[in-house]
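Report on the following structure.
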Number of protein chains: 2
Amino acid sequence: MTTHVALTARAFGASGFILADVEDKSIKENIERVVADWGGTFSFDMGVPWKKAIAEWKTNRGLVVHLTMYGQNIADRDLVSKIRALQRDIMVVVGSQKVPGELYSEKFSDYNISVGAQPHSEVAALTIFLDRLFKGRELLKEFENARIKVLPSRRGKNLSRTQSRAI
Amino acid sequence: MTTHVALTARAFGASGFILADVEDKSIKENIERVVADWGGTFSFDMGVPWKKAIAEWKTNRGLVVHLTMYGQNIADRDLVSKIRALQRDIMVVVGSQKVPGELYSEKFSDYNISVGAQPHSEVAALTIFLDRLFKGRELLKEFENARIKVLPSRRGKNLSRTQSRAI
């Protein structure tokens, strides 16, 4: 699941991922392999305590958006427009099932935003938030220095490999 | 992961879910519990061989849309408009990593559609397809006979429980 969240973040336009509190080398390696093959830049950090990660982000004037089923509904389109207009770097926080209650407070999150009001998936929530933020343009983003590219096709699988992979 | 796919399907407006080839009672129970608590109707079937599920769907004039990294990019907005205009029931097929090659053929899928051209998650792909299909309105959908509802909130968690749960 964490790998899916990180890959989704990358594919939908985020510039990096922080796996808070936990270290997991196999996830890190997976993500780094995808970045090496599929291009672009994407940072991956892990093991930072969540409070520390947020505190550092805020020190740099970053905005913290916590995605939660309980927040204001993103279907209110003004919400994302307002956030976009702030022109600040955004940390999007998604959690596994149990998120610490403190995260809902002003000390940690600037916004608590829900994607609909039904239980679903942190991957779905992240997807919609980034899609709204980038107005769908993220799906046309070109990733620089990609070794592998998909050639869109009505039938079957077409990949172009631009160089052999250096290991 | 399968639970996330099914919950996402429900939350984003699908009317049911078929877990092909596999039986998993714990997933079925999870989903049925969510439906009982959070309302609406949502069918859950499992164990049907994938070819049979698709053949039956097509017999009933249903359309089959296979979401895959290799297909036509959904960022071409005309694509979803065209599909919507057909006014046919749609089966959206997402797979785990290895999907049988036959699924790409005309015999089984009417459309192979990619959500961007990067590796990410079947949850993300399903989310965007349904969101485009329903024009974002699915996030405002009311689920009938819900026992639990979220009361959207800027801070903290607010749930209303309309009746005690009958077990």
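Since the structure is predicted, the reported quantities are computational estimates derived from the model, not experimental observations. In what follows, every chain begins at residue 1, and chains take the letters A, B, ... in the order their sequences are listed.
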Which region of [X], side chain (C-beta onward) or backbone (N, CA, C, O), has a non-hydrogen atom less than 4.5 Å from a non-hydrogen atom of chain B, or is it both or neither?
X	answer
A:Asp76	neither
A:Leu126	neither
A:Ser109	both
A:Leu151	backbone

ask   = In terms of heavy-atom pairs under 4.5 Å with chain A, which of B:Ala125, B:Ser105, B:Ser114 leads?
value =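 Ranked by contacts with chain A, first place is B:Ser105.
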message = Looking at chain A, which one of B:Met69, B:Glu106, B:Arg10 has the largest number of heavy-atom pairs inside 4.5 Å, strictly under?
response =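 The answer is B:Glu106.
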Taking all atoms of both residues into account, what is the closest heavy-atom pair of [X] and [Y], and its distance?
X	Y	value
A:Pro119	B:Val34	CG-CG1, 3.8 Å
A:Arg132	B:Gly136	NH2-CA, 3.9 Å
A:Ala117	B:Val150	O-CG2, 3.9 Å

Co-membership, hydrophobic cluster, residues [X] and [Y], 4.5 Å side-chain:
X	Y	result
B:Val93	B:Val99	yes
A:Phe143	A:Ile31	no
A:Val48	A:Phe108	yes

Are any of the side-chain heavy atoms of [X] and [Y] separated by less than 4.5 Å?
X	Y	result
B:Ser121	A:Met1	no
A:Asn73	B:Leu140	yes
A:Arg155	B:Asn112	yes
B:Lys141	A:Gln118	no
B:Tyr70	A:Pro152	no
A:Thr127	B:Val115	no

message = Checking B:Thr59 now: which residues fulfil side-chain hydrogen bond (donor to acceptor under 3.5 Å, both in side chains) with it, not counting sequence neighbours?
response =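 With sequence neighbours excluded, B:Thr59 shows a side-chain hydrogen bond (donor to acceptor under 3.5 Å, both in side chains) to no residue whatsoever.
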ask   = What residue in A:Gly116, A:Gly101, A:Gly71 has the most heavy-atom pairs under 4.5 Å with chain B?
value =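 Counting heavy-atom pairs under 4.5 Å, the top option is A:Gly71.
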Heavy-atom pairs under 4.5 Å with chain B, option from A:Ala6, A:Gly39, A:Gly156, A:Ala9 with the top count =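 Greatest number of close heavy-atom pairs with chain B: A:Gly156.
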task = Let me know if B:Ile74 has heavy atoms under 4.5 Å from chain A in its side chain, its backbone, both or neither.
result =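 The side chain, not the backbone.
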ask   = Who in residues 11-20 of chain A is close to chain B, using a strict under-4.5 Å heavy-atom cut-off?
value =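 Residues A:Ala11, A:Phe12 are the ones that qualify, each having a heavy atom under 4.5 Å from chain B.
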If you count the non-hydrogen atoms of other residues, nucleotides and ligands that lie under 6.0 Å from [atom1] in [X], is the total more than 12?
X	atom1	value
A:Arg154	CZ	no
B:Lys28	NZ	yes
A:Lys58	NZ	yes

key: NE2 on A:His120 to CG on B:Leu7, rounded to 0.5 Å   =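 Reported value, rounded in 0.5 Å steps: 9.5 Å.
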